[in-house]
Amino acid sequence: MPAKTFSDGEMVMGRWPGSNLYYEVQVTGYNKSTQLYAVKYKDGTELDLKESDVKPLNYFRMRKAHSRSSSRQRSRSRSRSRSPARTQAPKRSNSRGRETKKPMQKEEVQKEDVPALKFVHQMLQENSTSSKPTSVINYKEAEEENSAKNTYRIVEHKIRKEIVTDQLDLPYNLRTKKQEKNVVELETKDDHLYIKKQAVQTQEREFGGRIGVFFIMFLLPFTVILLLLMCAEDDASIQSFPPPVPTLQMLWSSNALGVFVLWFLFQALLYLLPIGKVVEGVPLANGKKLKYRINAFYAFVLCAAALGAALYNEVNLSYIYSSQLQLAISAILFSVLLSIYLYVRSWRVPADELAEGGNSGSFIYDFFIGRELNPRIRNFDLKFFCELRPGLMGWVVINLGSLFAEMEMQGREAPSLAMILVNSFQLLYVIDALWNETAILTTMDIVHDGFGFMLTFGDLVWVPFVYSLQAFYLVNHPNELSWPVALAIIALNTVGYIIFRGANSQKNAFRRNPHDPKLAHLNIIPTAAGKSLIVSGWWGFVRHPNYLGDLIMALAWSLPCGFNHIIPYFYVIYFTCLLIHREARDERQCRKKYGVAWNKYCQQVRYRIFPYIY
Ligand code: NDP
């Protein structure tokens, strides 16, 4: 078997399949059995190339120098090599002033054959020579440069595609490395060009693939039930594990199911109210932008008014505490049914509306991750709705139930300081999320992940019933806090909140409008994908400052429960694992999206979440 000539990571010239166009590409792998090199073009395209189509970076420069010095005469009489890496021969005019052109073979596709492609190349070259040598540049110049480059790239991409599809029978794999693609045609409304849009079939599976997600799907509901059972015990310690087996009555109540369904429908009704502005989400992978009505905060105010009215009419909110397990099981059942519905309907939607990660062909995996990216019933966006409303607002109501239960069970006139802190911190977190509802439109959940069991369960069960564990725990395990300790915890939560909010707002504002004058002080790294990466401010501190702030707050929520048991710290432990895993997922996706630029970012901002630690 021939030895491989190029090494992984090496920059080389790669032939664009079917043409004589060579581009600078990076070798990302080599398949011994097929003897194909995996390469990545600067625009992010990944292909497999034969060795004969890969040349050293200086190959054309050497050939050019050689041909100039050794055979000037020959070069005058023969046609020049048609490599795009070479400078072009000046076109000669015939006696009538028309350009003469040597006939070419059909498969010799040249950039000078296609005037638009030639133009695009010139523009790209001009742009690249004018760009600053430093890797970090002022955001305004970079964004302008980026948008110009992108316009040319879109045109170039289209022309390349036409060349490839129209004229050539390809000898090798034109599929991107990690994905199988079914090609569907659609017209982009913005530029009226026909562009090939591709429905991606997932090849790379997360969470341990089929087997991993199968176990996770059983483990998660079981964990919720176990945590609630343990928290309700007098001795909520690991030593008392496992808790006594619950009776069926403790687990199931049709009333609780009714309450849960009514709550969900009430929230849906509030979502449909024609109040609040309608905004556009960020462009999705298929080029579309969806519209969203932003009225979660108004919905919350209406909920608060409804709760106030209920309390005024002496409705006993401690019912929520005493039925928490039954409510959680109802929510589990509901999320399973919703996931089944989502999976079934995903088979009817156009291919380009499927999520990149949830279309693997494995039922169990796709059911878990979610096949459809943004399922909608008319304008009702199911994922967007579930992300912030029934679960997040439900969490506040559950906490409030615990607050009343604490007063009732401990015979208090007022809630304990610990309970007030937990309720207030988490209320602030929820209000913040609802107030900044638009910020969710740029998150991984909305832009990248499909809507399946993972998110329905997370939104409707995990968030409201696990995140409220501290308040639930305090009902049965009072912890008297002194004011100095309380003030220290408040300070910690405030620091966490400032980092969390500052980082999320900065990125959100930048993604929505990179030209915002308020962000002019930021340094950025432009990327070949068009978007830029912020490399100063919060995002120059660590690579996920928002996760850092979130984790500091998570700790502040657990501390009011004291140090007697580990269960109130379950949230902060789990959340650290979740965000470390999430950061790794995001990192993989960003490296795929931004390639070299992401590596530069990582070199400049060395720590992922915790400065000087991780
Ligand atoms: P982020 O909001 O951190 O978004 C990650 C994306 O931001 C990347 O994919 C990239 O997308 C963009 N990005 C990354 N680095 C930069 C940079 N330097 N400059 C500009 N853009 C950059 O991800 P999440 O959706 O995970 O988190 C959102 C918030 O939700 C966080 O505060 C997190 O803590 C919180 N969260 C809370 C959870 C909970 O259960 N309480 C669970 C999960 C998250 P692109 O370039 O495509 O824009």
Side-chain angles (χ1 to χ4, degrees), residues 44 136 139 142-143 146 281-285 356-357 387-388 391-392 395 425-426 429-430 432-433 436-449 454-455 457-459 461-468 496-512 514 519 522-554 557 571-572 574-595 597-605 607-609:
V136 179
Y139 89 101
E143 282 298 320
N146 262 342
V282 294
L284 301 171
E356 195 183 322
E387 282 276 304
L388 287 187
L392 216 58
W395 173 16
F425 292 161
Q426 298 184 350
Y429 190 76
V430 171
D432 175 88
N436 295 290
E437 192 180 5
T438 43
I440 202 184
L441 300 179
T442 58
T443 60
M444 278 163 72
D445 286 2
I446 297 290
V447 177
H448 179 264
D449 289 337
M454 177 174 79
L455 284 182
F457 181 86
D459 293 340
V461 183
W462 193 260
V463 169
F465 294 98
V466 173
Y467 290 17
S468 59
Y497 179 75
I498 290 170
I499 300 175
F500 163 84
R501 179 48 36 227
N504 279 328
S505 297
Q506 195 170 67
K507 190 199 64 175
N508 189 45
F510 184 73
R511 279 287 173 257
R512 297 209 139 260
L519 305 173
L522 292 176
N523 288 331
I524 59 162
I525 297 179
T527 74
K531 288 182 188 173
S532 298
L533 294 166
I534 309 169
V535 75
S536 65
W538 289 115
W539 297 83
F541 180 48
V542 284
R543 299 210 289 270
H544 262 103
N546 48 356
Y547 290 0
L548 175 68
D550 225 335
L551 286 170
I552 294 174
M553 283 192 288
W557 300 350
Y571 174 68
V572 65
Y574 137 82
F575 201 42
T576 308
C577 301
L578 174 97
L579 290 185
I580 287 176
H581 178 255
R582 197 172 167 95
E583 196 278 337
R585 282 181 76 204
D586 190 46
E587 173 108 8
R588 259 202 314 278
Q589 279 158 23
C590 286
R591 181 154 288 121
K592 214 156 98 183
K593 259 188 293 187
Y594 301 129
W598 183 259
N599 290 341
K600 268 187 205 156
Y601 176 54
C602 295
Q603 275 163 13
Q604 292 185 36
V605 184
Y607 294 96
R608 294 161 185 261
I609 302 177

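Indexing begins at 1, ligand by ligand and atom by atom, following the structure's order. Along the sequence shown, the residues carry numbers beginning at 1.
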Does either side chain, that of Tyr429 or that of Asp550, offer a donor lying less than 3.5 Å from an acceptor on the other one? yes
Give the numbers and elements of all ligand 1 atoms closer than 4.0 Å to a heavy atom of Cys590. 8 (C), 9 (O), 10 (C)
A side-chain contact here means heavy atoms from C-beta on lying under 4.5 Å apart; do Leu533 and Trp539 qualify? no
of all protein heavy atoms, closest to atom 4 (O) of ligand 1 is Lys507 NZ, 2.8 Å
Does His544 have a non-hydrogen atom less than 4.0 Å from ligand 1? yes
Give the minimum heavy-atom separation between Pro526 and Ser532, together with the two atoms involved. CA-OG, 3.7 Å
Side-chain heavy atoms of Val282 within contact of Leu441, under 4.5 Å: no
Taking both backbone and side-chain atoms of Trp539, is any N or O found less than 3.5 Å from an N or O belonging to ligand 1? no
Heavy-atom proximity to atom 42 (C) of ligand 1 ranks first, among Thr442, Asp586, Leu578, Leu392, for Leu578
Once you restrict to heavy atoms under 4.0 Å, what part of Tyr601 touches ligand 1? Side chain, backbone, both or neither. side chain
Does Ile609 offer a backbone N or O that forms a donor-acceptor pair with the side chain of Arg543 under 3.5 Å? no
Salt-bridged, Lys592 to Glu356, with N to O below 4.0 Å? yes
Just heavy atoms, cut-off under 4.0 Å: does Lys593 contact ligand 1 by side chain, backbone, both, or neither? side chain
Thr443 N/O to ligand 1 N/O under 3.5 Å: no
Pair Asp432, Asn436: side-chain N/O donor-acceptor within cut-off below 3.5 Å: yes
Taking the basic N atoms (NZ, or NE/NH1/NH2) and the acidic carboxylate oxygens, is any pair closer than 4.0 Å for Lys593 and Asp586? no
Among all the protein's non-hydrogen atoms, which is closest to atom 21 (N) of ligand 1, and how far away is it? Arg511 NH2, 3.1 Å
Suppose we measure from atom 27 (O) of ligand 1 to each protein heavy atom; which comes out shortest, and what is that distance? Tyr547 CE1, 3.7 Å
With heavy atoms under 4.0 Å as the rule, classify the contact between Tyr429 and ligand 1 as side chain, backbone, both or neither. side chain
Side chain, backbone, both or neither: which applies to Asn504 and ligand 1 if a contact is any heavy-atom pair less than 4.0 Å apart? side chain
Asn546 N/O to ligand 1 N/O under 3.5 Å: yes
Can you pull out the closest protein heavy atom to atom 44 (C) of ligand 1? Residue, atom name and distance to 0.1 Å, please. Arg582 NE, 3.6 Å
To check your reading of the model: name the closest protein heavy atom to atom 38 (C) of ligand 1, its residue, and the distance in Å. Phe575 CE1, 3.6 Å
N/O separation below 3.5 Å, Ile534 to ligand 1: yes
When only distance counts, is Met444 in polar contact with ligand 1, meaning an N/O pair under 3.5 Å? yes
Are side-chain N/O atoms of Trp395 and Gln426 paired as donor and acceptor at under 3.5 Å? yes
Using a strict 4.0 Å cut-off to heavy atoms of Leu533, name the atoms of ligand 1 that fall inside it. 16 (C), 17 (C), 19 (N)
With the side chain counted from C-beta on, respond yes when Val535 and Ile524 share a heavy-atom pair under 4.5 Å apart, and no when they do not. no
Under 4.0 Å from a heavy atom of Phe500: give me the atoms of ligand 1 that qualify, with their elements. 32 (O)
How far is atom 46 (O) of ligand 1 from its nearest protein heavy atom, and which residue and atom name does that atom have? Tyr594 OH, 2.3 Å
Atom 36 (N) of ligand 1: which protein heavy atom is closest, and how many Å away? Asp550 OD2, 3.8 Å
